[in-house]
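Reading through the structure tokens given below for one structure.
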Amino acid sequence: MKMTDVHCHILPGVDDGAKDAMETRSMLEMAWNEGIRTIFATSHYDSEMGTGIWKKRKEALEQTRQMAAEISPELKIASGAEIFFSEKAVEELEKGRIWTMNQSRYVLVEFFPGEEFFYIQRGLQTLQYKGFWPILAHVERYEELMEKERVRELAFMGVFLQTNASSVIGRNGRRVKKHLRCLLQERLIHFVGTDAHGSRHRRPLMAECAAYIEKKTDREYCRKICRENAGKIIRREYIHV
């Protein structure tokens with residue numbers, strides 16, 4: 001199955017992901033071999049970085065796209081960012097100073113892993129009030145969201161939820177794997193990403209993850225969260241769940 005990685009730190013030399021072009025190329029080759037055909041380049045961003053970083057990131061994005069095309073014209077790189085939530089970041093989003101997902105209303109957003117549920121919920125609502133469609137990065141990482149009822153509440157609010165492929169197959173422990181299995185079986189996950197930071201750190205593992213999801217749910221849902229929903233980001237369409 002052809003898949004899309006909606007969360008990847010693949011741009012060379014811009015954050016704690018790929019340290020240089022050689023590492024980016026290795027990541028691209030690994031992604032291709034996993035069956036990934038579109039990658040969202042979601043480098044970290046927080047408002048303390050300022051907005052001057054985007055020129056360098058645009059250059060890194062073009063360089064990565066060129067390398068991807070050398071592997072195959074079918075391998076595409078979409079723009080994006082993993083945005084650490086703050087009120088200032090919301091202001092910068094409103095002014096168009098931060099990359100959204102493929103220049104759409106979708107924004108990939110993260111919080112401190114130990115953040116209180118109320119703050120996470122309020123932050124996501126703030127983004128919605130401003131007209132954005134928030135995707136909560138690696139939902140399994142937040143201790144306050146290890147209660148399924150709270151995840152369900154966010155999903156019913158219209159928040160989209162992303163999980164890491166490595167977590168689904170148990171690389172972050174049995175407790176997390178069991179929790180994610182429950183969320184998947186209740187269809188509360190909307191996207192799977194690698195959150196890869198290099199060719200060795202958090203490897204793609206998308207093919208193994210997809211096989212697991214299909215086994216525990218069904219093929220149709222697996223296709224939705226590993227490819228089809230991401231296709232709607234590319235087309236800037238709202239996902240109705």
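Quick note: residue numbers are just sequence positions, from 1.
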Is it true that Ile77 and Met22 fall in one hydrophobic cluster, defined by side-chain heavy atoms closer than 4.5 Å?
-> no
Kindly work out whether a path of hydrophobic side-chain contacts (I/L/V/M/F/W/Y, heavy atoms less than 4.5 Å apart) joins Leu28 to Met30.
-> no
What's the verdict on salt bridge (charged side-chain N to carboxylate O under 4.0 Å, His left out) for Glu62 and Arg65, showing C-alpha distance, side-chain angles and the deciding distance?
-> CA-CA 5 Å; Glu62 292 307 314; Arg65 283 173 169 164; 3.1 Å; yes
Does the pair Tyr238 and His240 meet the rule for a side chain to side chain contact (heavy atoms under 4.5 Å, CB included), with working shown?
-> CA-CA 6 Å; Tyr238 186 77; His240 296 279; 3.5 Å; yes
Going through the checks in order, is the side chain to side chain contact (heavy atoms under 4.5 Å, CB included) test met by Glu144 and Glu115?
-> CA-CA 7 Å; Glu144 291 273 295; Glu115 195 60 81; over 6 Å; no
Hits for ring-ring contact (aromatic ring centres under 6.0 Å, His included) against Tyr142, two or more places apart or cross-chain, chain-then-number order -> His138
Residues which pass ring-ring contact (aromatic ring centres under 6.0 Å, His included) with Phe84, listed by chain and number, not counting sequence neighbours = Phe112
Over 12 foreign heavy atoms within 6.0 Å of CZ, Arg219 = no
Has Glu149 got more than 12 heavy atoms of other residues, nucleotides or ligands less than 6.0 Å from its CD?
-> yes
Could you note down all residue pairs passing side chain to side chain donor-acceptor pair (under 3.5 Å) where residues 121-133 supplies at least one of them, sequence neighbours left out?
-> Gln121-Glu153
List the atom pairs, with distances to 0.1 Å, where a side-chain N or O of residues 99-109 and a protein N or O form a donor-acceptor pair under 3.5 Å, not counting sequence neighbours.
{"from": "Thr100", "atom 1": "OG1", "to": "Ser104", "atom 2": "N", "distance (Å)": "3.1"}
{"from": "Thr100", "atom 1": "OG1", "to": "Ser104", "atom 2": "O", "distance (Å)": "2.7"}
{"from": "Asn102", "atom 1": "ND2", "to": "Ile234", "atom 2": "O", "distance (Å)": "3.0"}
{"from": "Ser104", "atom 1": "OG", "to": "Met101", "atom 2": "O", "distance (Å)": "2.5"}
{"from": "Ser104", "atom 1": "OG", "to": "Tyr106", "atom 2": "N", "distance (Å)": "3.0"}
{"from": "Tyr106", "atom 1": "OH", "to": "Glu237", "atom 2": "O", "distance (Å)": "2.6"}
{"from": "Tyr106", "atom 1": "OH", "to": "Ile239", "atom 2": "N", "distance (Å)": "3.0"}

Worked verdict on Ile10 versus Asp5 for side chain to side chain contact (heavy atoms under 4.5 Å, CB included) | CA-CA 11 Å; Ile10 199 165; Asp5 182 359; over 6 Å; no
Selection residues 31-42 - residue pairs positive for salt bridge (Lys or Arg N to Asp or Glu O under 4.0 Å), sequence neighbours left out |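 Applying salt bridge (Lys or Arg N to Asp or Glu O under 4.0 Å) to every pair that reaches into residues 31-42, excluding sequence neighbours, yields Arg37-Glu74.
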Qualifying salt bridge (Lys or Arg N to Asp or Glu O under 4.0 Å) pairs with a residue from residues 172-191, counting only residues at least two apart or across chains =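 Salt bridge (Lys or Arg N to Asp or Glu O under 4.0 Å) check on residues 172-191 returns Glu143-Arg175, Lys148-Glu186, Arg152-Glu186, Arg187-Asp218.
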Check: Phe85 main-chain N/O paired with Lys88 side-chain donor or acceptor under 3.5 Å =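 The answer is no, because no donor-acceptor pair under 3.5 Å joins these two groups.
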Determine, using ring centers only, whether Phe111 and Phe117 are less than 6.0 Å apart.
->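 Judged by ring-centre distance (under 6.0 Å), Phe117 and Phe111 do not meet the cut-off.
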Minimal non-hydrogen separation, His7 against Asn164, with atom names |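 The answer is ND1-OD1, 4.2 Å.
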